[in-house]
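Each remark here refers to the structure printed beneath this line.
Being a predicted model, the structure only gives us computed values, none of them experimental.
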Amino acid sequence: MSDYFTWLGVVLCLLMLMALYRTVIGPTIIDRIMGANVIGTKTVVLLIIIGTIFGRVEMFVDIALAYAMLNFIVTIAASRYFTHHKNILQEGYGLRHRPGGPKD
Amino acid sequence: MINPEQYPILIVIVPFLSAFFLSITGCFKRSLCRPIALLALFGAAAAAVGSLHRVITTGIIHYRLGGWPPPFGIEYVIDHLNGLVLVVITLVALLAAIFSGKSVERELPGKEPLFYALFLLLVVGLLGMTITGDAFNLYVLLEISSLTAYALIAIGQDRAIHASFNYLIIGTIGASFYLLGVGHLYIMTGSLNMADLASILPQLYGSKAILTAFLLILIGVWTKMAFFPLHTWLPNSYTYAPTATSCLVAPLMTKVAVYIMIRMMFSVFTPAYVFHHLAMAPVVIWMAIAAIVGGSLLALSQRDFKKMLTYLIVAEVGYMVGGIWLANRLGITGAILHIVNDAFMTLCLFLAAGTIIHRTGGHHFDNLKGLFHQMPLTMTAFTIGALSMIGVPPTAGFFSKWYLILGSIQAGRYEFVAALLFSSLVNAVLFFRLLEISYFEKPPHQENTAHGPVSMVAEAPLTMLVPLLVSAITLIVLGIYSGELVTKIIQFAVPAGI
Amino acid sequence: MIWQIDLLILTLIVICGFCTIVVKDLLGAAVIFGAYSFLMCLLWTEMGAVDVAFTEASVGAGVSTVLFFAAVHRTTRHVKMKPSGRLMGKTIGLAAAGLMGCVLLYATTDFPSWADPNSPASTHVSPRYITGTIPDTSVPNMVTSVLADYRGFDTMFETAVILTAGLAVLIILGQTGNRSPLPISRLPQGPITQGYDDTIIRFITRIMTPFLQLFALYVIAHGHHSPGGGFQGGVILGATFILMSISYDLRMVTNRFNERTNLLLANTGLLIYSGIGALCLILGANFLDYSALAKILPGTTTITARSEAMLGVEIGVALAVMAIVILIYNNLVSNGTYENGL
Amino acid sequence: MLEFILAKYNYWIYILIMMIGLYAMLAKNNLIKKIIGMGIFQTAIIIFYVSAGAKRGGTIPIIEHAHGAEGNAVDVLHYINPLPHVLMLTAIVVSVGTLGVALALALRIYGRYNSLEEDEILDRIDQDETATETTGALPTTMIQS
């Protein structure tokens, strides 16, 4: 049973790689925020799975709860930024610098 | 009445508790802040002197925090070395606090509560680093003293913020290296207590991880003390810091870092490991020579006396590090004596500089013109500090330099002797130039009124003058009694086996 | 430890860390840094360091990311590119990093294997904590007992570090802007100024906040038996106020927690901690030797007195941390003026 | 082979992360990037310590109900070493404190020099200094926000 959860964890980690790809590559900031949010959500699940592997879930629930809440705050804060600065779709904030870059 | 057994903890706890008490009082009544700070520092100084006295009469003091035995809990250890350093820190801090009243009022209006709370926390950090017998506890206190120092420097003028940011980045690298070094020790031994580490380490001296740990700790501490190639953060941050900050930070921060290096080299590792097993002493001595020569030359090129003094600190750090790595009794005695002397020398010079800045409003050489006639007492104190820095007997600076020279001759390091003499020569040139400007040149701040020329600069207020004069007198007293100091205290502080 | 997950997460962390410093957008960098912290939290959990994971989840992933957003909001998002610039700095950076890497790599050859139960770190001092925590302090969570008792002195200074950081932020940012001399005791009471009517967010915040605060109190009080404690609880409490200030307005929080209140709370928290220590001193024991408190706490033995005193200490820590988190956020997000928030 | 990689993998990775952090702190031009580098640098040390505390076959360092109570002995091998965790709690708290101060400094620098790029800031500082030296006038770029 423990093996099953371990490999479940591994698969989730691999899935996280896809979200990480979106986070890293962008191209817009919204993609990044979404990607980070997905990573956060997966982390909550993984926390519980790790708890199951250790056989002491009750100790890990608190962390997962706190985690989910703070993830919420981070996402809201990141979104809130755009009520002040309206440059969501502007090009030039990617990994590479593109000509005609952003004007803040 | 408090049991003398509890003196060690009082040294740290009195200013610590007072910092919060002061911060709370500051929310309601701002004028109470300075008296509380002075009282706290006075209490700490009394406890430190009491502890040093107990060390001299009864031997090394151990204090178990929380009552836990050493490798499991944190332990305070006071021996001859750190007892002396503790007294120096508390006295210097007390003098700097007395001095700072007027300049804080003027430079940082409305911020007294925050300033004094941070001031006390900085002193707590320095004291805690000195007194502790636990390698990790030292890191936490290192961070307290660094964070307060960043903040206290950043509120200065001109480029202080940028200097403080640079200091923060480099200081964090230094502290992290120290932490990583302690981690390497921990992973190899499983202990954090210095005495316990010292008992386990000898079996592991061949280990590469232990060598790395030693190097990491050394580099971390060197960064904090601004040893030559790592000194770049120091001059700007100390120059542009507010007067009250630089009077506290400049005399103490580098000295405490030197103390930590001594503690790590001799109490965690052993002289046998450091000097015989590693054979890196020649390299370090050449680096010290570079520090002395480089610091002196850079000081020579300045037209700003506060900045000049900061470069001299870099050179003085070279004295102490070089003296310790000479690996003989005389050299180490000289280095330890120089920690004490240099703390008071730097204090004296920075207090004098602070007074001059307070009165003339700038730290350029031009501000010094004609000051001898306008501020005779201040300039006398400045002269004593300068003579001590040059190394003229009977001021304190002469004796530590004497020991250092004797030590280097004994070790056969004539290049170090040459560097010491060169630096004395440069100091002489520097300070005589300053004294010449202040004695012979005409003051610029004269206005021709109907009643003839009136000077706008007067002697400093009493709260500034008294600490300045006390520090200058201390220099002479330290010089006269340096023999006593060496035979009563310092010779026990030099590790056995040298 | 679970090695499969360990390997994967470490690899992901390296990718995240690398991209954080490469990406050309500061907000994006902050977001990726947030993801980096999420992964860190997983790594600690997987290695069994639940308390560290909890702290990372609250401090690292939560508060520090929000602080980055606040700073980017107040400065700029844009990183300027200079293709040829700073060759010197890059060379120094590469050389220093390379040299350090080589030295550290050289050291790893002597390390005991990862997770070796017979390594010196696991056999020298730590067994005493594992076997001693129940008989010495009657606290099952040995991280709490080491944190607040065996090495309680460290923790006191650690709380002082947080307070120092708060005071430092105040004194640094207090200079900007045209605000009244410190400390601000009363801000102009006014209607909420921002015109964005985020009904859903506000509604959810209104419902969630009491539960979150209750949860934070639980974390503080239950730290003896499960992961958590003063720091984590304090940060979560502080984060709820940050949440309110984000979804409503900064004014909403500063009207309740002005600067003076925050300073008072933080200092009181630390006075509680060091006061408990000093009380032991007055009762004739060493500083922070909680067993002396058995004389004045009714119904305790020297052992359970330690447990009770730890709870008191945790409450002090939580107060200080909560106040300072709010203080730092408020100052950073408004550039020291308390005018407008994120 | 797997054994060897497993034995040292954590330590290799912490070195790699530390190098990334150090490089960012020293070489990056943008102040916020430097601060992020600082965060990465500090977390690398935390990885190192926590890895040192891991123990094969150990569970989390909270005594289970069956152990310890009613005179049952606690098995040392059953629990992970708690000491590095405690130390790293301290380190995390220290790093968030440093982060706060660093960001506050960055805000002040931006307020004054209107830039986060190191070289531009240095240029402006130089301008200020030459301005004060030649004319004695107040710095031109003194923008207090």
Original post:
Which heavy-atom pair separates B:S207 from C:D110 by the least distance, and what is that distance?
Top reply: OG-OD2, 3.1 Å

Original post:
Between C:V125 and B:G190, which heavy-atom pair has the shortest distance, and what is it?
Top reply: CG2-O, 3.3 Å

Original post:
Which residue out of C:L104, C:T123, C:V146, C:I282 racks up the most heavy-atom pairs below 4.5 Å with chain B?
Top reply: C:L104

Subject >> Which atoms of B:I210 approach chain C - backbone, side chain, both or neither, heavy atom under 4.5 Å >> reply: neither

Original post:
Closest approach of B:A117 and C:L167, non-hydrogen atoms and distance?
Top reply: CB-CD1, 3.9 Å

**OP:** Enter the distance from B:L114:CG to C:L263:CG here, rounded to the nearest 0.5 Å.
**Re:** 6.5 Å

Original post:
Which heavy atom of C:F111 sits nearest a heavy atom of B:A209, and at what distance?
Top reply: CE2-CB, 3.7 Å

**OP:** Find the one option among B:L65, B:D196, B:I9, B:L180 whose heavy-atom pairs under 4.5 Å with chain C are most numerous.
**Re:** B:L65

Original post:
Checking heavy atoms, do the side chain of B:V14, its backbone, both or neither come under 4.5 Å from chain C?
Top reply: neither

Original post:
For the atom pair CZ (B:F20) and CG (C:L271), what is the distance rounded to the nearest 0.5 Å?
Top reply: 7.0 Å

Original post:
If you look at every heavy atom in B:Q6 and C:A285, which pair is closest and at what distance?
Top reply: NE2-O, 3.5 Å

Subject >> Heavy-atom proximity to chain B below 4.5 Å, by part of C:T109 >> reply: side chain

Original post:
Is it the case that C:D136 and B:W68 place a side-chain donor and acceptor less than 3.5 Å from each other?
Top reply: no

Subject >> Approximate separation, where rounding is to 0.5 Å, of B:C27 SG and C:L264 CG >> reply: 4.5 Å

Original post:
Where do B:K111 and C:I171 come nearest, in terms of heavy atoms and distance?
Top reply: NZ-O, 3.1 Å

Original post:
Does any heavy atom of chain C fall under 4.5 Å from the side chain of B:L216, the backbone, both, or neither of them?
Top reply: side chain

**OP:** Heavy atoms only, distances under 4.5 angstrom: which of B:I24, B:L211, B:L147, B:T132 has the most pairs with chain C? Name it, please.
**Re:** B:I24

Subject >> B:Y63 (side chain) donor-acceptor with C:F287 (main chain) under 3.5 angstrom >> reply: yes

**OP:** State yes or no: are the ring centers of B:Y139 and C:F157 separated by less than 6.0 Å?
**Re:** no

**OP:** Mind telling me whether B:F72 and C:Y129 have parallel, tilted or perpendicular rings, with 30° and 60° as the class edges?
**Re:** perpendicular

Original post:
Going through the checks in order, is the side-chain contact (heavy atoms from CB on, under 4.5 Å) test met by B:H184 and C:T108?
Top reply: CA-CA 9 Å; B:H184 277 71; C:T108 54; over 6 Å; no

**OP:** Begin from the C-alpha positions of B:D134 and C:R151 and carry the test salt bridge (Lys or Arg N to Asp or Glu O under 4.0 Å) through to its verdict.
**Re:** CA-CA 10 Å; B:D134 190 275; C:R151 297 184 69 87; 2.7 Å; yes

**OP:** Check the surroundings of atom CZ in B:F21: do more than 12 heavy atoms from other residues, nucleotides or ligands lie under 6.0 Å from it?
**Re:** no

**OP:** Name the region of C:S122, side chain, backbone, both or neither, that has any atom closer than 4.5 Å to a heavy atom of chain B.
**Re:** neither

Subject >> Interface moiety of B:L122 toward chain C, non-hydrogen atoms closer than 4.5 Å >> reply: neither

Original post:
Can you say whether B:T148 sits under 4.5 Å from chain C via the side chain, the backbone, both, or neither, judging by heavy atoms?
Top reply: both

Original post:
Between B:I161, B:V140, B:L204, B:N137, which has the largest tally of heavy atom pairs under 4.5 Å with chain C?
Top reply: B:N137

Subject >> Contacting moiety of C:Y290, where chain B heavy atoms sit under 4.5 Å >> reply: neither

Original post:
Does any N or O in the side chain of C:N286 come within less than 3.5 Å of the main-chain N or O of B:R64, such that one atom is a donor and the other an acceptor?
Top reply: yes

Subject >> Residues C:F153, B:Y76; criterion ring-ring contact (aromatic ring centres under 6.0 Å, His included); working and verdict >> reply: CA-CA 11 Å; C:F153 198 60; B:Y76 270 3; 5.4 Å; yes

Subject >> Spacing of CG belonging to C:L163 relative to OG belonging to B:S23, to within rounding of 0.5 Å >> reply: 6.5 Å

**OP:** Output the option from B:E112, B:M188, B:K208 having the highest count of non-hydrogen pairs under 4.5 Å with chain C.
**Re:** B:K208

Original post:
Is there side-chain contact between B:L17 and C:S274, with heavy atoms separated by less than 4.5 Å?
Top reply: yes

**OP:** Check whether B:P69 gets within reach of chain C through its side chain, its backbone, both or neither, counting any heavy atom under 4.5 Å.
**Re:** side chain

Subject >> Approximate separation, where rounding is to 0.5 Å, of B:Y150 OH and C:I172 CD1 >> reply: 11.0 Å

Subject >> Interatomic spacing from CG in C:L288 to CD1 in B:I74 - rounded to 0.5 Å >> reply: 9.0 Å

**OP:** Name the region of C:M100, side chain, backbone, both or neither, that has any atom closer than 4.5 Å to a heavy atom of chain B.
**Re:** side chain

